[in-house]
S.K.: 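Just passing along the structure, written as structure tokens.
All values reported here derive from a predicted model rather than from experimental measurement. Positions are given from 1, in the same order as the sequence printed here.
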Amino acid sequence: MQTLINLTLSSPAELPGAAQTLLDFAGQQKIFLFYGDMGAGKTTFIKALCKQLGIEESVSSPTFSIVNEYAGTPVTVYHFDFYRLKNQNEAYDVGYEEYFYSGAYCLIEWPEKIPDLLPPHYIKIMIQVTAEQTRHFSFECI
């Protein structure tokens, strides 16, 4: 199995294809960690990924709720944004373990806020801004 993929996208119109590439790369893995600066496009990419997974409802950042649930057919997706956590112990209040080990898709923004709570295996997605409309993505199997 390939352990690293690099993509450069020059337009948001390319996001659905990149999302499908990520799903193909991930195989059975359902835990995705998204890294990138504020405004890099993590939530925008997650919207495209959810659409590829068959989620029809509106996908938005769970900045204030910490976690959003999207129920699709046949998948359930939990979308986390840990940006506002003051410390990783606050993730216990959310009940992160029930989500992470549920077998559902877990899409996690700002995982660097909970380094000691991350599962042992996941797909790491790095998003780097290289120009106004251009993003470099790397997908790595951990």
Side-chain angles (χ1 to χ4, degrees), residues 1-88 90-91 93-142:
M1 175 179 164
Q2 189 174 9
T3 59
L4 182 67
I5 289 183
N6 289 295
L7 301 171
T8 299
L9 307 183
S10 57
S11 163
E14 297 176 81
L15 287 171
Q20 188 59 54
T21 298
L22 174 58
L23 290 172
D24 293 343
F25 172 74
Q28 297 299 311
Q29 181 56 260
K30 294 183 178 180
I31 306 290
F32 297 84
L33 279 53
F34 293 83
Y35 293 86
D37 293 336
M38 183 75 70
K42 295 180 295 292
T43 301
T44 301
F45 185 54
I46 286 171
K47 289 178 183 182
L49 185 60
C50 285
K51 189 168 186 152
Q52 290 301 113
L53 287 168
I55 302 300
E56 294 181 8
E57 66 187 281
S58 177
V59 173
S60 62
S61 177
T63 301
F64 295 102
S65 62
I66 309 296
V67 62
N68 287 344
E69 177 180 347
Y70 310 114
T73 304
V75 302
T76 296
V77 175
Y78 298 113
H79 177 193
F80 297 85
D81 184 334
F82 290 125
Y83 181 76
R84 293 182 51 244
L85 294 188
K86 292 176 181 58
N87 61 62
Q88 65 182 0
E90 291 181 7
D93 296 337
V94 176
Y96 82 94
E97 288 177 304
E98 290 181 40
Y99 295 108
F100 286 11
Y101 299 100
S102 67
Y105 282 91
C106 291
L107 314 178
I108 305 163
E109 295 187 56
W110 301 101
E112 55 269 46
K113 295 281 195 161
I114 59 161
D116 300 325
L117 306 180
L118 298 174
H121 303 289
Y122 52 85
I123 302 296
K124 179 179 180 180
I125 297 97
M126 292 285 305
I127 304 174
Q128 296 174 303
V129 178
T130 55
E132 187 175 333
Q133 292 280 323
T134 306
R135 302 292 187 269
H136 177 79
F137 289 77
S138 66
F139 307 149
E140 185 176 7
C141 184
I142 306 291

S.K.: Is there any side-chain hydrogen bond (donor to acceptor under 3.5 Å, both in side chains) pair reaching into residues 50-61, and which pairs are they, with sequence neighbours excluded?
M.R.: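 Non-adjacent pairs meeting side-chain hydrogen bond (donor to acceptor under 3.5 Å, both in side chains): Gln20-Gln52, Ser61-Thr63, Ser61-Asp81.
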S.K.: Identify the two heavy atoms, one from Lys42 and one from Gly36, that lie closest to each other, and give their separation to 0.1 Å.
M.R.: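 Nearest pair, atom of Lys42 first, then Gly36: NZ-O, 2.9 Å.
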S.K.: Give me the one residue out of Leu4, Leu7, Ile127, Ile125 that meets side chain to side chain contact (heavy atoms under 4.5 Å, CB included) with Ser138.
M.R.: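 Going through Leu4, Leu7, Ile127, Ile125 one by one, the side chain to side chain contact (heavy atoms under 4.5 Å, CB included) with Ser138 is satisfied by Leu4 alone.
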S.K.: If you look at every heavy atom in Ile114 and Ala91, which pair is closest and at what distance?
M.R.: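 What the structure gives for the nearest pair is CG2-CB, 3.9 Å.
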S.K.: Could you state the interatomic distance from CG (Leu85) to CG (Asn87), rounded to the nearest 0.5 Å?
M.R.: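 Nearest 0.5 Å value for the CG-CG distance: 7.5 Å.
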S.K.: To check you understand the geometry: which heavy-atom pair defines the closest contact between Cys50 and Val77, and what is its length?
M.R.: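 Heavy atoms only, the tightest pair is SG-CG1, 4.0 Å.
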S.K.: If the plane angle is over 60° it's perpendicular, under 30° parallel, otherwise tilted; pick one for Tyr78 and Phe80.
M.R.: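 Because their plane-to-plane angle lies in the 30° to 60° range, the rings of Tyr78 and Phe80 count as tilted.
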S.K.: Got a second to check how far Ser11's OG is from Arg135's CZ, nearest 0.5 Å?
M.R.: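 The CZ atom of Arg135 is 11.0 Å from OG of Ser11, to the nearest 0.5 Å.
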S.K.: Could you check whether any side-chain heavy atom of Leu15 comes within less than 4.5 Å of a side-chain heavy atom of Phe137, counting everything from C-beta outward?
M.R.: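 When only atoms from C-beta onward are counted, Phe137 and Leu15 do touch, with a gap below 4.5 Å.
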S.K.: Mind listing the side-chain donor-acceptor pairs of residues 97-108 below 3.5 Å, one per line with the distance, residues two or more places apart or on another chain?
M.R.:
from: Ser102; atom 1: OG; to: Tyr99; atom 2: O; distance (Å): 2.8
from: Ser102; atom 1: OG; to: Ala104; atom 2: N; distance (Å): 3.1

S.K.: Could you tell me if the side chain of Ile31 sits less than 4.5 Å from the side chain of Leu118, heavy atoms only?
M.R.: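 They are not in side-chain contact.
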S.K.: With sequence neighbours left out, which residue pairs that include part of residues 109-126 fulfil the side-chain hydrogen bond (donor to acceptor under 3.5 Å, both in side chains) condition?
M.R.: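 As it turns out, the side-chain hydrogen bond (donor to acceptor under 3.5 Å, both in side chains) pairs with a partner in residues 109-126, which skip direct neighbours, are Thr43-Glu109, His79-Glu109, Gln88-Asp116.
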S.K.: Would Thr21 and Phe139 count as a side chain to side chain contact (heavy atoms under 4.5 Å, CB included) here? Give the steps.
M.R.: CA-CA 9 Å; Thr21 298; Phe139 307 149; 4.2 Å; yes
S.K.: Is the closest side-chain heavy-atom distance between Gln133 and Pro12 below 4.5 Å?
M.R.: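 Gln133 vs Pro12: side chains touch.
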S.K.: Looking at every heavy atom in both Val129 and Ala40, which two are closest together, and how far apart are they?
M.R.: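 Taking every non-hydrogen atom into account, CG2-CA, 3.7 Å.
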S.K.: Crowded around Asp37 CG? As in, over 12 foreign heavy atoms under 6.0 Å?
M.R.: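 Not more than 12 within 6.0 Å, no.
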S.K.: Looking at Ala71 and Ile55, what are the two nearest heavy atoms and their distance?
M.R.: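 It is C-CD1, 4.1 Å.
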S.K.: Roughly how far, to the nearest 0.5 Å, is CZ of Phe25 from OG1 of Thr3?
M.R.: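 CZ of Phe25 is found 6.5 Å from OG1 of Thr3.
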S.K.: Does atom OH of Tyr35 have more than 12 heavy-atom neighbours from other groups under 6.0 Å away?
M.R.: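 Check passes, neighbour count above 12.
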S.K.: Are Leu22 and Phe45 side-chain neighbours, meaning at least one heavy-atom pair lies under 4.5 Å?
M.R.: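 Side chain of Leu22 against side chain of Phe45, heavy atoms only: contact under 4.5 Å found.
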S.K.: Supply the atom-to-atom distance Leu9 CG to Thr130 OG1, rounded to the nearest 0.5 angstrom.
M.R.: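 Rounded to the nearest 0.5 Å, the CG-OG1 separation comes out at 9.0 Å.
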S.K.: Are Phe82 and Tyr96 close enough, and set up right, to give a ring-ring contact (aromatic ring centres under 6.0 Å, His included), and what steps lead you there?
M.R.: CA-CA 11 Å; Phe82 290 125; Tyr96 82 94; 7.8 Å; no
S.K.: List the atom of Glu14, the atom of Thr8, and the distance in Å for their closest heavy-atom pair.
M.R.: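 Reported closest heavy-atom pair: OE1-O, 4.4 Å.
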